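For the single chain, residues carry numbers from 1 onward in sequence order. Everything numeric in this text was worked out from a predicted model, so none of it was measured.
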Amino acid sequence: MHSYAKLNLFLEVLGKRDDGFHELETVMFRSQLHDRLTFAEADSGHLSLQLAPDASPEIRQTVPTDGSNLILRAAQALLDSTGQRHGAQIILDKQIPVQAGLGGGSGNAATALRTLNELWQLHLPLSELHRIAATLGSDINFFVQDCGAAVCRGRGEQVTPIPVTGSFSFVAMRPHQGNSTPAVFQQLPAVRDLQHSDAVVRALRIGSWKELSEAAFNRLTPAGRAVNAEMANLMDEMSRLCERPVFMSGSGSTCFVICANQPDALQMLTRCRPLEMPFASII
Ligand code: C5P
């Protein structure tokens, strides 16, 4: 199964809630970048997760395979909600950078919910998968919905799919250092001049990369730059080399530029190569 990454093309923080989370309006876009997940049925009560044999030492250090991984938490939540006993052996081939604002772990959890619901023949409706997803994290519902793009509200878990015309290309780079999402939210100053997602939604609907590049916005960017100086420098360098705006996805630390088409993306990637970042790709 492919388990996709997301980019936030718009993210506004509408306020802080009593439960400690922030009320958001964000436009999520599904990228072609993906992990691969393989599921096989196993003996009842036996849930296991392994990394693909060729996983790099860095992946082995940063991706847990114990019960703290969102894949196993999602699998367990499915069993808890149905009261059934099943088993699964799951293999994760990780390609999406972690702590990157690309939703890799959230996408993995959603893929586990959707796939195990079928493999175990639980027949849970999509609404129940959404309910479980929201208990596990804020970004998982977008991937459960399985759409190309959506406006997400609330903590991020209220998903309204939106139309996308044509395809969009992005050059994304992640510096060595990842960002902790809570740390970024903690740095957030009080928000004034609230921005709205309408222009980004329109750019996707009419298929205009130029309008998208003008309208894209992420309120968390200054906070992300404050917690990660390496990323701040990367954003400045990408902007200088590409001569266009650079955006942060989610709470970072992935930064991206919006491209006209594949040849343009290749040109932007070539310009950024000298920055020698651990992740640099057209996504
Ligand atoms: O829900 P998720 O696990 O993605 O959230 C990680 C952390 O990010 C939360 O514990 C919270 O500190 C912060 N967050 C937030 N408001 C949101 C989403 C996340 O403050 N809407």
Side-chain angles (χ1 to χ4, degrees), residues 1-6 19 21 28 30-31 33-56 58-147 150 152 154-159 161 178 180-182 250-251:
M1 298 298 295
H2 287 186
S3 174
Y4 291 96
K6 57 84 176 166
D19 62 5
F21 282 87
M28 303 256 241
R30 185 176 61 194
S31 158
L33 177 68
H34 59 269
D35 296 335
R36 282 197 188 80
L37 278 165
T38 322
F39 296 82
E41 192 131 22
D43 294 343
S44 255
H46 181 82
L47 277 180
S48 74
L49 174 66
Q50 286 167 287
L51 294 170
D54 60 352
S56 69
E58 199 214 329
I59 294 287
R60 291 191 183 280
Q61 265 174 25
T62 49
V63 181
T65 52
D66 62 10
S68 69
N69 190 298
L70 271 174
I71 295 171
L72 291 181
R73 288 179 53 205
Q76 192 57 52
L78 269 182
L79 294 177
D80 292 346
S81 97
T82 55
Q84 295 200 24
R85 278 175 60 81
H86 293 279
Q89 193 181 17
I90 306 165
I91 299 173
L92 168 60
D93 176 2
K94 193 96 203 127
Q95 301 296 326
I96 305 170
V98 299
Q99 282 208 330
L102 295 174
S106 298
N108 290 171
T111 303
L113 289 176
R114 292 180 64 101
T115 310
L116 291 172
N117 187 38
E118 285 191 17
L119 186 72
W120 291 338
Q121 298 185 18
L122 302 175
H123 306 296
L124 292 178
L126 193 61
S127 57
E128 178 62 5
L129 297 185
H130 271 299
R131 191 196 61 74
I132 297 171
T135 67
L136 297 168
S138 306
D139 287 349
I140 302 173
N141 295 79
F142 169 67
F143 294 105
V144 164
Q145 191 68 34
D146 201 21
C147 59
C152 302
R155 273 161 55 211
E157 87 286 11
Q158 296 162 21
V159 183
S180 142
T181 303
S251 56

K.L.:
Which distance, rounded to the nearest 0.5 Å, do you find between the NZ of K94 and the CG of L37?
P.N.:
7.5 Å
K.L.:
Can you list every pair that meets salt bridge (Lys or Arg N to Asp or Glu O under 4.0 Å) and has a residue in residues 108-134, with sequence neighbours left out?
P.N.:
R114-D146, E128-R131
K.L.:
Working to the nearest 0.5 angstrom, can you tell me the gap between L113 CG and N108 CG?
P.N.:
11.0 Å
K.L.:
Check whether T65 reaches the backbone of Q50 with its side chain - one donor and one acceptor, N or O, closer than 3.5 Å.
P.N.:
no
K.L.:
Distance-only, no hydrogens or angles: does the S44 side chain make a donor-acceptor pair with backbone N or O of R85 under 3.5 Å?
P.N.:
yes
K.L.:
What are the two closest heavy atoms between S48 and Q89, and how far apart are they?
P.N.:
OG-CG, 3.5 Å
K.L.:
So how far is it from R30 CZ to F143 CZ, rounded to the nearest 0.5 Å?
P.N.:
9.5 Å
K.L.:
Might you confirm whether atom CZ of R60 has over 12 heavy atoms from other residues, nucleotides or ligands at distances under 6.0 Å?
P.N.:
yes
K.L.:
In chain order, what residues pass the ring-ring contact (aromatic ring centres under 6.0 Å, His included) check against H34, with sequence neighbours excluded?
P.N.:
H2, Y4
K.L.:
With distance as the sole test, does T82 use its side chain to make a donor-acceptor pair with the main-chain N or O of L79 at under 3.5 Å?
P.N.:
yes
K.L.:
Keeping W120 on the side-chain end and G87 on the backbone end, is there a donor-acceptor pair under 3.5 Å?
P.N.:
yes
K.L.:
What do the steps show when you test T115 against I90 for side-chain contact (heavy atoms from CB on, under 4.5 Å), and what is the final call?
P.N.:
CA-CA 11 Å; T115 310; I90 306 165; over 6 Å; no
K.L.:
When rounded to the nearest 0.5 angstrom, what is the spacing between CG in L119 and CG in L78?
P.N.:
11.0 Å
K.L.:
Return the minimal non-hydrogen interatomic distance between N117 and H123, and the atom names on each side.
P.N.:
OD1-N, 3.4 Å
K.L.:
Would you say D35's side chain and I96's backbone share a donor-acceptor pair under 3.5 angstrom?
P.N.:
yes
K.L.:
Ignoring hydrogens, what is the shortest heavy-atom contact between A88 and A42? Give both atom names and the distance.
P.N.:
N-CB, 3.7 Å
K.L.:
So, for P64 and N69, which heavy atoms are closest and what is the spacing to 0.1 Å?
P.N.:
O-ND2, 2.8 Å
K.L.:
Is there a donor in the side chain of H130 and an acceptor in the side chain of Q145, or the other way round, less than 3.5 Å apart?
P.N.:
yes
K.L.:
Evaluate whether atom CG of D54 has more than 12 neighbouring non-hydrogen atoms of other residues, nucleotides or ligands under 6.0 angstrom away.
P.N.:
yes
K.L.:
Return the minimal non-hydrogen interatomic distance between I132 and A77, and the atom names on each side.
P.N.:
CG2-CB, 3.6 Å
K.L.:
Answer whether the closest heavy-atom distance between the side chains of V159 and V144 falls below 4.5 Å.
P.N.:
no
K.L.:
If every non-hydrogen atom of P97 is compared with every non-hydrogen atom of A100, which pair is closest and at what distance?
P.N.:
O-CB, 3.4 Å
K.L.:
If only atom types and distance count, is the side chain of R155 paired as donor or acceptor with the main-chain N or O of A134 below 3.5 Å?
P.N.:
yes
K.L.:
Mind checking side chain to side chain donor-acceptor pair (under 3.5 Å) for H86 and listing every partner two or more places apart, or none if nothing turns up?
P.N.:
Q84
K.L.:
Starting at CG of L49, measure out to CD1 of I71 and round the result to the nearest 0.5 Å.
P.N.:
5.0 Å
K.L.:
Rounded to the nearest 0.5 Å, what separation is found between the CG atom of L102 and the NZ atom of K6?
P.N.:
7.0 Å
